[in-house]
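Let me begin by presenting the structure, written as structure tokens, before commenting on it.
Just so it is clear, the model here is predicted, and its values are computed rather than measured. Labels below follow one simple rule: chain letters A, B, ... track the order of the sequence lines, proteins then strands, and each chain is numbered from 1.
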Amino acid sequence: MVYIRILENFWEAFLLGIGYTLLLSLVGTIVGLVIALILGVVKSIQAIPKRKASRIALKVGQTLIQLYVTVIRGTPMMVQAMIFYYVFRRMGLLWTPLEAGLFTVSVNTGAYLTEVVKNGIESVPKGQEEAAKSLGMNRFKAMSLVILPQAIKTQMASIGNEFIINIKDTSVLNVIMISELYYVAEDAAMRYSSFLEAMLIAAVIYLFLTYTTSKLLKLFENKLGVKTLDIVSSN
Amino acid sequence: MNKIISIRNLKKSFGENIILRDIHLDFYEGEVVCIIGSSGTGKSTLLRCLNGLESIDEGLITFDGMDITSPKTDLNLVRTKIGMVFQEFNLFYNMNVLKNCVIGQTKVLHRSLEEASQIAMKNLEEVGLSKFVNVDVATLSGGQKQRVAIARSLSMNPKVMLFDEPTSALDPEMVGEVLETMKVLAKKGMTMIIVTHEMSFAREIANRILFMDNGMILEDGSPEQIFEHPTYDRTKEFLKRFR
């Protein structure tokens, strides 16, 4: 049977593919969240700074963030991966496909989560910031000690959702020759001229990964005491 | 008595809406001042100007000799010396009771965790909540939350405590415990400025009453003077509703 032949010869490659897929989605989600925390905070600033220079800097910063979010969300990750990989190579940065892939997923996730972080910050009642200020906290302390922890908690479901989306969507990174799960499946498919079988194997593995991850996230969220999303939508 | 806060020519408006018209006012150390008046007369805004939560349009506010309206003044430093208790408690929901009372001390005043915890414990004991130290704040009743908020402010060792309608968001049966806590605080000599609608409480606790109307301090005097012999008809009319 072709399934058995594929698995016999490719099980190691599949395991490695799973490893790459998880590495890309986990690192991408974490780095993306860090990007989003910084950009989301800047995007959420509504107070108008007193000094003219800060006012201009804020306006420029917020416009650039909006541009980043719009461009990244408006283009496919597959295209972004190709462009990043080749553009930076042409500029002399001889990075590996994996490095380019990690960069792409991080930048992509950052754009999606910036909006999530901003919404989270806006969902925290204004009184929290006022109470923090009244204790003498500066803006940074109020944000990092009081507001962001609560903002992230309310958005845990969306952040987890983004991780699951990344598990699936990193499959497009085969275009820059990263041997993640889909790449391995395609490799096996060509070797045995059995596209359907290889893709079904890949599908089952993806489903297993996303299903287990969503269950694990649910456990984690229950422990935090936050509401969860049931349906995982795609970007 | 030492002057602690002084306000000169304070003006504030939100857009077309004039909230405060030319306020002149001094507060002294050890005073317990209650600000009364109808809703929308600028009481809360005035209070919030005192620690810079509201910016002002014109005028001067000094605290302990520092001009808090000047951009050169470190407002965060000033705020450590002015405690603020809000109508909606505003406890930090990502921290337990003790952490709420510790965080400002460690992160702003840079006290050691040990010292901060001791101070927090002492204040929680004073508001009668020493048994709730490790409790999640979301599980507390409104009255308990407000008492934690008072302990949180006290833990910074402020020179003045501001109270912005501290019992207005509470169920009636919980108002008493908060007012009781405030009375104890007043007896200890804390300087307190309280915006309140609790007239009998104001009369009992305050040694000075301000009656605000239409963005101005209409009357300023002892409780007896304001409650028994108010100068203006507007005050009489307002007080009649509480008899």
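With a 4.5 angstrom heavy-atom cutoff, B:Leu77 does not touch chain A via any of its atoms. Neither the backbone nor the side chain of B:Leu109 comes within contact range of chain A; no heavy atom of the residue lies under 4.5 Å from a heavy atom of that chain. In this structure, the portions of B:Phe92 lying under 4.5 Å from any heavy atom of chain A include both its backbone and its side chain.
Within a 6.0 Å radius of CZ in B:Phe14, more than 12 heavy atoms belonging to other residues, nucleotides or ligands are found. Other residues, nucleotides and ligands contribute over 12 non-hydrogen atoms within 6.0 Å of the CZ atom of A:Phe84.
Taking CG of A:Leu145 as the start and CD1 of B:Ile103 as the end, the distance is 4.5 Å to the nearest 0.5 Å.
For A:Val60, the side-chain contact (heavy atoms from CB on, under 4.5 Å) partners are A:Ile56, A:Leu64, not counting sequence neighbours.
Sorted by first and then second residue, the salt bridge (Lys or Arg N to Asp or Glu O under 4.0 Å) pairs with a member in residues 23-43 of chain A read A:Lys43-A:Glu115; sequence neighbours excluded.
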May I have a table of the donor-acceptor pairs connecting chain A and chain B at distances under 3.5 Å?
{"unit_1": "A:Gly127", "atom_1": "O", "unit_2": "B:Asn90", "atom_2": "ND2", "d": "3.2"}
{"unit_1": "A:Gln128", "atom_1": "NE2", "unit_2": "B:Leu91", "atom_2": "O", "d": "2.7"}
{"unit_1": "A:Glu130", "atom_1": "OE1", "unit_2": "B:Arg48", "atom_2": "NH1", "d": "2.9"}
{"unit_1": "A:Glu130", "atom_1": "OE2", "unit_2": "B:Arg48", "atom_2": "NH1", "d": "3.4"}
{"unit_1": "A:Glu130", "atom_1": "OE2", "unit_2": "B:Arg48", "atom_2": "NH2", "d": "2.6"}
{"unit_1": "A:Lys141", "atom_1": "NZ", "unit_2": "B:Lys107", "atom_2": "O", "d": "2.9"}
{"unit_1": "A:Leu145", "atom_1": "O", "unit_2": "B:Asn94", "atom_2": "ND2", "d": "3.0"}
{"unit_1": "A:Gln150", "atom_1": "NE2", "unit_2": "B:Asn94", "atom_2": "OD1", "d": "3.4"}

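Chain B is approached within less than 4.5 Å, heavy atom to heavy atom, by no residue from residues 27-37 of chain A.
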